[in-house]
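Only one structure is covered here, and it is reproduced in the block below.
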Amino acid sequence: MRKFLVILDDSRECLNAMRFAAMRANKTGGGVQILSVIPPDEFNHWIGVGTIMREEARERIRAHYEVFAKWMRDRQGIDPELVIREGEPVPQILAQIREDDEIGVVVLGASAEKGGPGPLVQQMSRIAGSLPIPMTVVPGELSKDQLEQIT
(Lines give C-alpha, C1' and ligand atoms only; values in the text may rest on other atoms or scores of the structure.)
Protein backbone atom coordinates (compact mmCIF):
# COMPACT_ATOMS: atom_id res chain seq x y z
CA MET A 1 0.00 0.00 0.00
CA ARG A 2 1.31 3.45 -0.88
CA LYS A 3 1.54 5.79 2.10
CA PHE A 4 1.41 9.55 2.15
CA LEU A 5 3.99 10.83 4.63
CA VAL A 6 2.76 14.06 6.21
CA ILE A 7 4.66 16.12 8.76
CA LEU A 8 2.97 17.06 12.04
CA ASP A 9 4.27 20.26 13.56
CA ASP A 10 2.89 23.38 15.22
CA SER A 11 2.43 25.32 11.98
CA ARG A 12 -0.98 26.49 10.78
CA GLU A 13 -0.35 25.11 7.30
CA CYS A 14 0.06 21.61 8.74
CA LEU A 15 -3.75 21.34 8.81
CA ASN A 16 -4.12 21.53 5.02
CA ALA A 17 -1.28 19.07 4.51
CA MET A 18 -3.08 16.61 6.82
CA ARG A 19 -6.37 17.09 5.01
CA PHE A 20 -4.76 16.67 1.60
CA ALA A 21 -2.91 13.50 2.61
CA ALA A 22 -6.05 11.91 4.06
CA MET A 23 -8.24 12.85 1.10
CA ARG A 24 -5.71 11.52 -1.43
CA ALA A 25 -5.22 8.33 0.57
CA ASN A 26 -8.98 7.82 0.68
CA LYS A 27 -9.38 8.32 -3.06
CA THR A 28 -6.40 6.19 -4.06
CA GLY A 29 -6.67 3.34 -1.55
CA GLY A 30 -3.51 4.44 0.24
CA GLY A 31 -2.53 5.11 3.80
CA VAL A 32 -1.23 8.01 5.83
CA GLN A 33 1.84 8.06 8.01
CA ILE A 34 2.15 11.09 10.27
CA LEU A 35 5.71 11.99 11.22
CA SER A 36 6.59 14.36 14.03
CA VAL A 37 10.21 15.28 14.68
CA ILE A 38 11.36 16.52 18.07
CA PRO A 39 14.35 18.85 17.55
CA PRO A 40 17.44 18.01 19.64
CA ASP A 41 17.75 21.50 21.13
CA GLU A 42 14.63 20.93 23.23
CA PHE A 43 16.57 18.61 25.58
CA ASN A 44 19.82 20.42 26.33
CA HIS A 45 19.29 20.13 30.08
CA TRP A 46 20.35 17.84 32.85
CA ILE A 47 19.58 14.21 32.16
CA GLY A 48 16.54 13.99 34.45
CA VAL A 49 14.99 17.22 33.18
CA GLY A 50 15.71 16.28 29.57
CA THR A 51 13.99 12.93 30.03
CA ILE A 52 10.90 14.57 31.51
CA MET A 53 10.82 17.18 28.73
CA ARG A 54 11.18 14.49 26.07
CA GLU A 55 8.21 12.57 27.47
CA GLU A 56 6.13 15.77 27.71
CA ALA A 57 6.93 16.52 24.05
CA ARG A 58 5.83 13.02 23.06
CA GLU A 59 2.58 13.44 25.03
CA ARG A 60 1.85 16.74 23.25
CA ILE A 61 2.54 15.12 19.88
CA ARG A 62 0.25 12.16 20.65
CA ALA A 63 -2.56 14.52 21.74
CA HIS A 64 -2.15 16.63 18.59
CA TYR A 65 -2.03 13.46 16.47
CA GLU A 66 -5.26 12.13 17.99
CA VAL A 67 -7.17 15.20 16.78
CA PHE A 68 -6.04 14.59 13.19
CA ALA A 69 -6.41 10.81 13.47
CA LYS A 70 -10.01 11.10 14.66
CA TRP A 71 -10.89 13.36 11.73
CA MET A 72 -9.15 11.02 9.27
CA ARG A 73 -10.97 7.97 10.65
CA ASP A 74 -14.38 9.65 10.90
CA ARG A 75 -14.36 11.67 7.68
CA GLN A 76 -12.00 9.83 5.34
CA GLY A 77 -11.99 6.24 6.59
CA ILE A 78 -8.21 6.39 7.01
CA ASP A 79 -6.46 5.03 10.10
CA PRO A 80 -3.15 6.93 10.18
CA GLU A 81 0.08 5.70 11.69
CA LEU A 82 2.13 7.95 14.01
CA VAL A 83 5.92 8.00 13.95
CA ILE A 84 7.91 10.17 16.36
CA ARG A 85 11.60 10.76 15.71
CA GLU A 86 14.21 12.94 17.38
CA GLY A 87 16.77 15.04 15.56
CA GLU A 88 16.92 17.66 12.84
CA PRO A 89 13.73 17.59 10.74
CA VAL A 90 15.09 17.16 7.20
CA PRO A 91 17.51 14.30 7.99
CA GLN A 92 14.78 12.57 10.01
CA ILE A 93 12.27 12.91 7.16
CA LEU A 94 14.81 11.44 4.74
CA ALA A 95 15.60 8.61 7.16
CA GLN A 96 11.90 7.77 7.49
CA ILE A 97 11.50 7.70 3.71
CA ARG A 98 14.51 5.37 3.39
CA GLU A 99 13.32 3.06 6.18
CA ASP A 100 9.73 2.62 4.98
CA ASP A 101 9.53 1.57 1.34
CA GLU A 102 5.73 1.93 1.33
CA ILE A 103 6.02 5.73 1.55
CA GLY A 104 5.22 7.02 -1.92
CA VAL A 105 4.75 10.77 -1.44
CA VAL A 106 5.83 13.30 1.17
CA VAL A 107 3.23 16.02 1.83
CA LEU A 108 4.16 19.42 3.25
CA GLY A 109 2.05 22.47 4.02
CA ALA A 110 3.22 25.85 2.72
CA SER A 111 2.65 29.01 4.71
CA ALA A 112 0.83 31.88 3.04
CA GLU A 113 2.72 34.40 5.16
CA LYS A 114 4.91 37.04 3.50
CA GLY A 115 8.09 35.45 4.88
CA GLY A 116 7.89 32.53 2.45
CA PRO A 117 6.50 29.01 2.54
CA GLY A 118 8.13 28.12 5.85
CA PRO A 119 11.53 26.74 6.82
CA LEU A 120 10.69 23.07 6.26
CA VAL A 121 9.32 23.66 2.75
CA GLN A 122 12.36 25.80 1.92
CA GLN A 123 14.81 23.18 3.17
CA MET A 124 13.02 20.28 1.48
CA SER A 125 12.71 22.25 -1.79
CA ARG A 126 16.49 22.60 -1.93
CA ILE A 127 16.85 18.81 -2.05
CA ALA A 128 13.65 18.01 -3.97
CA GLY A 129 15.58 16.96 -7.08
CA SER A 130 17.37 14.21 -5.20
CA LEU A 131 14.40 12.85 -3.25
CA PRO A 132 13.54 9.20 -4.02
CA ILE A 133 9.80 10.04 -4.04
CA PRO A 134 7.63 12.98 -5.12
CA MET A 135 6.96 15.85 -2.76
CA THR A 136 3.59 17.61 -2.71
CA VAL A 137 3.42 21.12 -1.27
CA VAL A 138 -0.09 22.12 -0.23
CA PRO A 139 -0.83 25.85 -0.01
CA GLY A 140 -1.96 26.85 3.44
CA GLU A 141 -4.70 29.14 2.14
CA LEU A 142 -6.68 26.48 0.25
CA SER A 143 -10.23 26.01 1.52
CA LYS A 144 -11.76 22.63 2.33
CA ASP A 145 -13.78 22.87 -0.89
CA GLN A 146 -10.67 23.60 -2.94
CA LEU A 147 -8.89 20.65 -1.34
CA GLU A 148 -11.86 18.39 -2.20
CA GLN A 149 -11.72 19.52 -5.82
CA ILE A 150 -8.02 18.84 -6.29
CA THR A 151 -7.83 15.55 -4.44
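Note that the structure is a prediction, hence the values are computed from the model and not measured.
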For the [atom1] atom of [X] and the [atom2] atom of [Y], what is their distance to the nearest 0.5 Å?
X: R58; Y: I61; atom1: CZ; atom2: CD1; result: 7.0 Å
X: T136; Y: I150; atom1: OG1; atom2: CD1; result: 9.5 Å
X: L82; Y: I34; atom1: CG; atom2: CD1; result: 7.0 Å
X: I38; Y: Q92; atom1: CD1; atom2: CD; result: 10.5 Å
X: F4; Y: I133; atom1: CZ; atom2: CD1; result: 10.0 Å

Does [X] reach the side chain of [Y], with side-chain heavy atoms less than 4.5 Å apart?
X: L5; Y: V83; value: no
X: I7; Y: V37; value: no
X: V105; Y: R2; value: yes

Which donor-acceptor pairs under 3.5 Å do the side chains of residues 14-25 make with protein atoms, sequence neighbours left out?
| unit_1 | atom_1 | unit_2 | atom_2 | d |
| --- | --- | --- | --- | --- |
| N16 | OD1 | R19 | NH1 | 3.3 |
| N16 | ND2 | P139 | O | 3.2 |
| N16 | ND2 | G140 | O | 3.2 |
| N16 | ND2 | L142 | O | 2.9 |
| R24 | NH1 | T151 | O | 3.0 |

Of all residues at least two apart in sequence or in a different chain, which pass the side chain to side chain contact (heavy atoms under 4.5 Å, CB included) check with Q149? none
Sequence neighbours excluded, the answer for side chain to side chain contact (heavy atoms under 4.5 Å, CB included) partners of A112 is E141
Qualifying side chain to side chain donor-acceptor pair (under 3.5 Å) pairs, either residue in residues 28-37, two or more places apart: Q33-E81, Q33-Q96, Q33-D100
Residues pairing under side chain to side chain donor-acceptor pair (under 3.5 Å) where one sits in residues 68-77, two or more places apart or in two chains, turn out to be K70-D74, R73-D79
I'd like to check the side-chain hydrogen bond (donor to acceptor under 3.5 Å, both in side chains) partners of R62; sequence neighbours left out, ordered by chain and number. E55, E59
Taken in chain and number order and not counting sequence neighbours, the residues that satisfy salt bridge (charged side-chain N to carboxylate O under 4.0 Å, His left out) with K27 are E148
With Y65 via ring-ring contact (aromatic ring centres under 6.0 Å, His included) - residues at least two apart: none
Which heavy atom of [X] sits nearest a heavy atom of [Y], and at what distance?
X: A95; Y: R85; result: CB-NH2, 3.3 Å
X: I97; Y: V106; result: CD1-CB, 4.5 Å
X: G104; Y: P134; result: O-CD, 3.2 Å

For residues 116-131, dump all side-chain donor-acceptor pairs below 3.5 Å to protein atoms at least two apart in sequence or in another chain.
| unit_1 | atom_1 | unit_2 | atom_2 | d |
| --- | --- | --- | --- | --- |
| S125 | OG | V121 | O | 2.7 |
| S130 | OG | I127 | O | 3.0 |

Enumerate the residue pairs fulfilling salt bridge (charged side-chain N to carboxylate O under 4.0 Å, His left out) with a member in residues 104-125, sequence neighbours excluded, ordered by first and then second residue. R12-E113
Assess the side chains of S11 and D9: does a donor N or O sit below 3.5 Å from an acceptor N or O? yes
